[in-house]
2 protein chains.
Amino acid sequence: MLDAQPGELTERQQQVLDATLELLIENAANVTMIAVARKASCSKETLYKWFGDRGGLLAAAVRYQASKVKVAPFEAEGLTRDKLASILSGFASDLLSILTSDISVALNRLAIAQAHLHAGENGNGENLGSIVLQNGRFSTGPRLKVALEAGMASSLLRQHDSEDAFRSFYGLVVRDIQIRLLLGDTIALSKTDIHAEAQRATDQFFTLYGT
Amino acid sequence: MLDAQPGELTERQQQVLDATLELLIENAANVTMIAVARKASCSKETLYKWFGDRGGLLAAAVRYQASKVKVAPFEAEGLTRDKLASILSGFASDLLSILTSDISVALNRLAIAQAHLHAGENGNGENLGSIVLQNGRFSTGPRLKVALEAGMASSLLRQHDSEDAFRSFYGLVVRDIQIRLLLGDTIALSKTDIHAEAQRATDQFFTLYGT
DNA sequence: TAAATTCTGTACCGTACGGTACGGTACATA
DNA sequence: TATGTACCGTACCGTACGGTACAGAATTTA
């Protein structure tokens with residue numbers, strides 16, 4: 001086998017996690033160890049050897065998916081209002097694209113479904129909810145806050161707690177979309193819809209926090 | 001037994017549903033038929049007789065809880081800006097109080113966890129997610145829209161699609177609070193915190209949509 | 001080519017849960 | 001007092017799943 005660094009995943013292991021994610025998207029209730037083994041054409045024993053137990057497999061799948069959606073950080077040099085607006089609007093588009101994707105809905109549902117478990121109750125010891133939060137909200141937030149603080153330093157935005165400003169922007173972008181999707185409502189957002197929503201949220205944000 | 005109207009619940013049945021909800025709050029994974037029967041001091045056979053199957057019991061519990069949080073509609077007579085602001089702020093406070101409550105988090109988690117099921121796959125035939133949506137987002141929304149439209153008619157708010165205006169207000173109020181709670185993040189919102197958040201959201205809403 | 005390692009496929013075990021059956025009890029009605 | 005009804009408690013059944021064991025194939029290493 002192609003050996004990998006500790007914490008890294010071999011090609012084959014990634015195939016297994018891809019199969020897990022596929023299964024998760026089509027029906028979360030069908031993600032059993034035997035189903036994953038069949039879909040990935042591997043044995044259950046291998047699953048347990050690689051991932052410890054079911055919780056470890058799911059955690060690995062969530063982390064693996066998160067590692068695929070890393071986006072490039074933006075540079076805050078020579079910031080103009082148009083440039084900041086473009087950064088915000090781009091961020092909003094990305095966020096909406098991700099949150100409305102099948103894979104995001106499925107992963108959030110999975111994480112929410114067992115978010116009540118205390119750490120250590122599952123094999124991996126870490127809660128899926130906190131993994132999703134760490135790689136989602138708590139990862140994108142600070143990245144955008146850099147841009148917001150640069151905007152304040154350039155007097156494009158009024159002085160304000162950047163965390164609070166980010167949260168309001170988040171609300172303006174997401175509104176009730178995510179919770180409705182999670183609850184099973186079917187909202188179709190086209191590419192142009194997402195772009196329009198991102199633009200609206202950005203305009204409203206400047207109205208509230210701009211100079 | 002105290003007979004009840006069709007669709008109504010007897011005292012004893014409400015006790016059973018209260019026990020179900022209690023169990024749900026303390027640990028959703030423990031809501032098994034035997035656990036409910038023990039907690040409510042009734043027999044499993046009675047549960048099946050009254051609610052059909054597990055899905056029916058959960059659906060009944062969700063509906064029962066929803067029936068307890070009905071709030072009074074507001075009157076839109078002689079609307080002033082202060083009065084509208086008070087309505088919006090009150091609505092926001094109520095919304096935040098509900099969404100941050102243990103019972104709401106537990107019910108939303110439950111509904112989300114199985115929102116992928118097609119109608120008819122559970123005994124009751126109706127999806128818990130849609131029940132929550134109907135009694136939550138799709139019930140409170142139209143009620144507030146009445147106030148928003150009255151505000152537009154009174155020229156307190158700019159002419160605008162009331163559905164869209166409501167959704168932005170919702171976003172300003174809730175921001176990232178609900179998704180973080182659902183994912184297991186612990187956010188403590190005191191009574192005064194909620195009041196302050198409601199006030200902020202209302203002020204921001206007037207900035208965006210006021211005249 | 002021979003030994004060793006890794007993996008697949010399947011059979012198996014224990015458990016937990018949904019759902020059913022049934023005996024026993026309390027109570028209401030006649 | 002006799003009969004019926006509603007309910008409790010529990011035993012039971014079938015199934016599905018997580019996890020383990022093992023035999024044999026495939027692949028690697030020497």
Side-chain angles (χ1 to χ4, degrees), chain A residues 1-4 6 8-20 23-24 26-62 110 113-114 116-117 120-125 128, chain B residues 1-6 8-20 23-24 26-62 110 113-114 116-117 120-125 127-128:
Chain A
M1 104 177 169
L2 296 197
D3 243 289
E8 296 288 322
L9 295 167
T10 66
E11 199 72 34
R12 186 77 179 100
Q13 287 171 333
Q14 293 187 23
Q15 288 173 16
V16 168
L17 295 182
D18 279 322
T20 305
L23 221 42
L24 189 62
E26 62 189 56
N27 187 350
N30 290 350
V31 184
T32 66
M33 300 303 277
I34 183 67
V36 171
R38 270 203 272 263
K39 182 129 193 165
S41 293
C42 71
S43 72
K44 283 173 66 177
E45 192 163 29
T46 300
L47 294 182
Y48 286 103
K49 180 175 180 182
W50 286 348
F51 304 106
D53 60 8
R54 185 170 184 270
L57 172 64
L58 296 178
V62 170
L110 177 67
Q114 51 108 71
H116 58 92
L117 298 177
E121 278 188 47
N122 54 3
N124 189 282
L128 288 189
Chain B
M1 103 178 169
L2 295 197
D3 243 288
Q5 311 306 325
E8 297 285 325
L9 295 167
T10 66
E11 199 73 33
R12 186 77 179 100
Q13 287 171 332
Q14 293 187 22
Q15 288 173 17
V16 168
L17 295 182
D18 278 322
T20 305
L23 221 42
L24 189 62
E26 62 190 56
N27 188 349
N30 291 349
V31 184
T32 66
M33 299 304 275
I34 183 66
V36 172
R38 269 203 272 263
K39 182 130 192 163
S41 295
C42 72
S43 71
K44 283 173 67 176
E45 194 165 26
T46 299
L47 294 182
Y48 286 102
K49 180 175 181 182
W50 285 348
F51 304 106
D53 59 8
R54 185 171 184 269
L57 172 64
L58 295 178
V62 170
L110 177 69
Q114 52 107 72
H116 58 93
L117 298 177
E121 278 189 47
N122 54 4
N124 189 282
N127 185 295
L128 287 189

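The sequence lines fix the lettering, A, B, ..., with proteins before strands; numbering per chain opens at 1. Worth knowing before you read on, the calculation uses all heavy atoms, side chains too, and leaves out hydrogens, waters and symmetry mates.
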(request) Can you tell me the distance, in whole Å, between the CE atom of A/Met33 and the P atom of C/dG14? (result) 20 Å

(request) Starting from C1' on C/dT20, measure out to CD1 on B/Ile34 and report it in whole angstrom. (result) 13 Å

(request) May I have the distance from B/Leu47 (atom CG) to C/dT20 (atom P), rounded to whole angstrom? (result) 12 Å

(message) From C-beta outward on B/Ser41, which listed nucleotide comes closest to its side chain: C/dC7, D/dG9, D/dG19?
(response) D/dG9

(message) Below the 4.0 Å mark, does D/dC8 have OP1 or OP2 next to a side-chain nitrogen or oxygen of B/Arg12?
(response) yes

(request) Identify which nucleotide among C/dG19, D/dG18, C/dT8 has an atom closest to any side-chain atom of A/Cys42, counting heavy atoms from C-beta outward. (result) C/dT8

(request) Respond yes when some side-chain nitrogen or oxygen of B/Trp50 is under 4.0 Å from OP1 or OP2 of D/dC7, and no when none is. (result) yes

(message) Quick check: any donor-acceptor pair below 3.5 Å linking the side-chain of B/Lys44 to the base of D/dG9?
(response) no

(message) Rounding to an integer number of Å, can you tell me how far B/Arg54 CZ sits from C/dA16 C1'?
(response) 12 Å

(request) Kindly say if A/Thr46 contacts the phosphate of C/dT8, meaning a side-chain N or O under 4.0 Å from OP1 or OP2. (result) yes

(request) Consider the side chain of A/Ser43, meaning its heavy atoms from C-beta on, and name the nucleotide among C/dG9, C/dG19, D/dC8 that approaches it most closely. (result) C/dG9

(message) What contact category does A/Lys49 fall into here, base, sugar-phosphate, or nothing, at under 4.0 angstrom with non-hydrogen atoms?
(response) sugar-phosphate

